[in-house]
Chemist: 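Can you read through this structure? Questions will come right after.
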Amino acid sequence: MRFSGKTAVVTGAASGIGKASVLLLASEGAHVFAADIDEAGGAELAESSNGKITFQRCDVTSTEDIKALMDRAAADTGGIDIVFNNAGAGGDGAPIDEIEPEGWDLTMDLLLRSAAFGIRYAVPHMIGRANASIINTSSVAAVGPGYSPNAYAVAKAGVLHLTKIAAAQLARHQIRVNAIQPGFINTNIFTRSLELEGQKAEIGKQAIAAMSQQAQPVARGGQPEDIANAMAYLASEEASFVNGHSMIVDGGITLGPRYSWDQSEPSIFDSLRALAEAEAE
Ligand code: NAP
């Protein structure tokens with residue numbers, strides 16, 4: 001029960017990583033304010049919890065909604081100990097030389113401004129709390145191109161820098177700030193981004209489940225609970241000396257090119273040797 005008596009706020013709480021995190025925090029004693037735009041999903045989560053989970057509708061692209069969320073959590077319980085700025089979606093999928101201002105701005109508001117103002121409006125309620133901790137969801141997309149849509153990747157890289165700046169400046173209030181960079185985690189984000197509905201969404205989810213087992217050196221699909229466990233560690237007393245860090249939780253997907261861990265995949269050197277031998281014959 002690492003979080004007995006603590007108040008936690010989680011955004012993007014009705015699905016995937018956020019939902020797993022809400023359930024873990026509540027199971028270890030926290031009162032969790034679960035925020036999402038999905039009112040039905042959020043209400044269902046709260047109903048299942050014997051009062052340990054309070055749902056509040058919050059669109060994280062609205063700074064008014066974020067402020068209302070943090071103010072409500074503090075008013076109901078006396079302060080905030082843990083904030084998980086996690087809500088997100090794929091954002092605008094346009095190539096970098098075709099993207100329009102509206103799609104760019106919406107993606108930044110959803111993924112980067114949301115975390116900045118999650119911090120901004122939570123901090124006044126976190127000052128003076130013991131082991132106060134903020135965790136922001138970044139992504140392996142922040143490592144470099146190829147893991148996500150372009151605007152998303154830029155926003156998630158921004159989340160890493162925001163994390164470091166906040167960690168440095170909020171240390172004076174004894175508030176720690178860290179990030180998590182999930183790899184390929186099997187949630188609804190992919191089918192949502194591809195706008196797959198109904199039967200197509202179900203087929204898509206099955207394909208993603210199969211693909212995600214093959215995508216990285218750890219030969220199983222990444223699960224929301226893998227990220228929730230990392231979040232809980234960063235929120236806990238055990239991490240009280242961890243600040244400004246970003247934890248990559250990706251089964252090793254960012255370790256190197258596929259041939260570095262998959263022996264059935266020819267390396268660039270195998271290809272060169274084969275080419276030279278073929279040319280010489
Ligand atoms: P998910 O299952 O789709 O959950 C995201 C939740 O956020 C959904 O309930 C979604 O509601 C909600 N949401 C979307 N826009 C929102 C808004 N404006 N305000 C409040 N809530 C909003 O996806 P997930 O994979 O758990 O994603 C959680 C975080 O992890 C995101 O920041 C994502 O970028 C990050 N991440 C995920 C992966 C991965 O492989 N899954 C990898 C790296 C990083 P709706 O369903 O109604 O849209």
Side-chain angles (χ1 to χ4, degrees), residues 9-24 33-46 55-66 68-69 83-93 105-115 117-118 135-143 146-149 151-160 162-163 179-197 201 204-205 208-209 211-213 215-216 221-228 230-231 246-251 253-254:
V9 177
V10 177
T11 67
S15 175
I17 292 167
K19 183 175 180 180
S21 300
V22 169
L23 293 172
L24 180 56
F33 287 79
D36 207 291
I37 47 172
D38 175 0
E39 295 188 47
E44 196 180 313
L45 187 59
F55 174 66
Q56 171 133 343
R57 188 189 188 280
C58 170
D59 179 345
V60 296
T61 63
S62 159
T63 52
E64 289 82 7
D65 277 13
I66 298 172
L69 170 68
V83 172
F84 188 26
N85 289 310
N86 168 73
D92 195 295
D105 289 349
L106 195 58
T107 307
M108 294 299 150
D109 289 354
L110 174 63
L111 297 171
L112 179 55
R113 192 178 73 156
S114 60
F117 283 86
I135 301 111
N136 301 317
T137 305
S138 174
S139 169
V140 292
V143 168
Y147 293 103
S148 76
Y152 178 103
V154 174
K156 292 296 190 181
V159 169
L160 291 190
L162 168 72
T163 299
I180 301 175
Q181 289 171 262
F184 191 2
I185 308 299
N186 198 353
T187 70
N188 291 334
I189 199 168
F190 303 104
T191 47
R192 280 250 195 263
S193 295
L194 297 169
E195 296 178 357
L196 299 176
E197 301 286 347
K205 280 179 189 173
I208 288 162
M211 275 166 55
S212 68
Q213 294 173 30
Q216 65 280 307
Q223 300 301 322
E225 290 73 18
D226 292 313
I227 308 306
M231 178 283 308
S246 182
M247 187 182 283
I248 293 182
V249 184
D250 71 346
I253 202 168
T254 52

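Atom set for the values below is all heavy atoms of this structure, side chains included, hydrogens, waters and symmetry mates excluded. Just follow the structure's listing: the first ligand is 1, and inside any ligand the first atom is 1.
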Chemist: Looking only at protein heavy atoms, which one is nearest to atom 46 (O) of ligand 1, and what is the separation?
Modeler: R192 NE, 2.8 Å
Chemist: Would you say I17 has any N or O atom under 3.5 Å from an N or O of ligand 1, going by distance alone?
Modeler: yes
Chemist: With heavy atoms under 4.0 Å as the rule, classify the contact between P182 and ligand 1 as side chain, backbone, both or neither.
Modeler: both
Chemist: Judged by atom type as modelled, is there a donor-acceptor pair below 3.5 Å linking the side chain of D105 to the main-chain atoms of D109?
Modeler: no
Chemist: Any idea which protein heavy atom is nearest atom 18 (N) of ligand 1, and the distance to it?
Modeler: D59 OD1, 2.9 Å
Chemist: With respect to A35, determine whether any N or O atom, backbone or side chain, lies less than 3.5 Å from an N or O atom of ligand 1.
Modeler: no
Chemist: Can you find an N or O of G18 that's nearer than 3.5 Å to an N or O of ligand 1?
Modeler: no
Chemist: Regarding ligand 1, does G183 bring an N or O atom to under 3.5 Å of one of the ligand's N or O atoms?
Modeler: yes
Chemist: What about S138: any of its N or O atoms under 3.5 Å from an N or O on ligand 1?
Modeler: no
Chemist: Suppose we measure from atom 10 (C) of ligand 1 to each protein heavy atom; which comes out shortest, and what is that distance?
Modeler: D36 OD1, 3.7 Å
Chemist: Taking all non-hydrogen atoms of both residues, which atom of T191 and which atom of A201 are closest, and how far apart?
Modeler: CG2-O, 3.6 Å
Chemist: Tell me which part of Q181 gets within contact of ligand 1: side chain, backbone, both or neither, using heavy atoms under 4.0 Å.
Modeler: neither
Chemist: Find all atoms of ligand 1 within a distance of less than 4.0 Å from any non-hydrogen atom belonging to F184, and give their numbers and elements.
Modeler: 40 (O)
Chemist: What pair of heavy atoms forms the shortest contact from I17 to T187, and how long is it?
Modeler: N-CG2, 4.2 Å
Chemist: Taking salt bridge (charged side-chain N to carboxylate O under 4.0 Å, His left out) as the test, write out the residues that go with D92, two or more places apart.
Modeler: none
Chemist: Atom CG of D38 and atom NZ of K19: how far apart are they, to the nearest 0.5 Å?
Modeler: 9.0 Å
Chemist: Can you check whether Y152's main-chain N or O pairs, donor with acceptor, with T107's side chain at less than 3.5 Å?
Modeler: no
Chemist: Does K156, backbone or side chain, put an N or O under 3.5 Å from an N or O of ligand 1?
Modeler: yes
Chemist: L110 heavy atoms, cut-off 4.0 Å: which ligand 1 atoms fall inside?
Modeler: 15 (N), 16 (C), 17 (C), 18 (N)
Chemist: Atom 7 (O) of ligand 1: which protein heavy atom is closest, and how many Å away?
Modeler: G12 CA, 3.4 Å
Chemist: Do the non-hydrogen side-chain atoms of L196 and F190 ever get within less than 4.5 Å of each other?
Modeler: no
Chemist: In this structure, are over 12 heavy atoms from other groups packed under 6.0 Å from R57 atom CZ?
Modeler: yes
Chemist: For atom 19 (N) of ligand 1, what is the closest protein heavy atom, and at what distance to 0.1 Å?
Modeler: V60 N, 2.9 Å
Chemist: Is there a side-chain contact between E39 and F55 in this structure, where contact means two heavy atoms from C-beta onward sitting under 4.5 Å apart?
Modeler: yes
Chemist: Who gets closest to atom 32 (O) of ligand 1 by heavy atom: I227, N86, L106?
Modeler: N86
Chemist: The criterion is salt bridge (charged side-chain N to carboxylate O under 4.0 Å, His left out); which residues satisfy it with D226, sequence neighbours excluded?
Modeler: R220
Chemist: Among protein heavy atoms, which lies nearest atom 35 (C) of ligand 1, and at what distance?
Modeler: T137 CG2, 3.5 Å
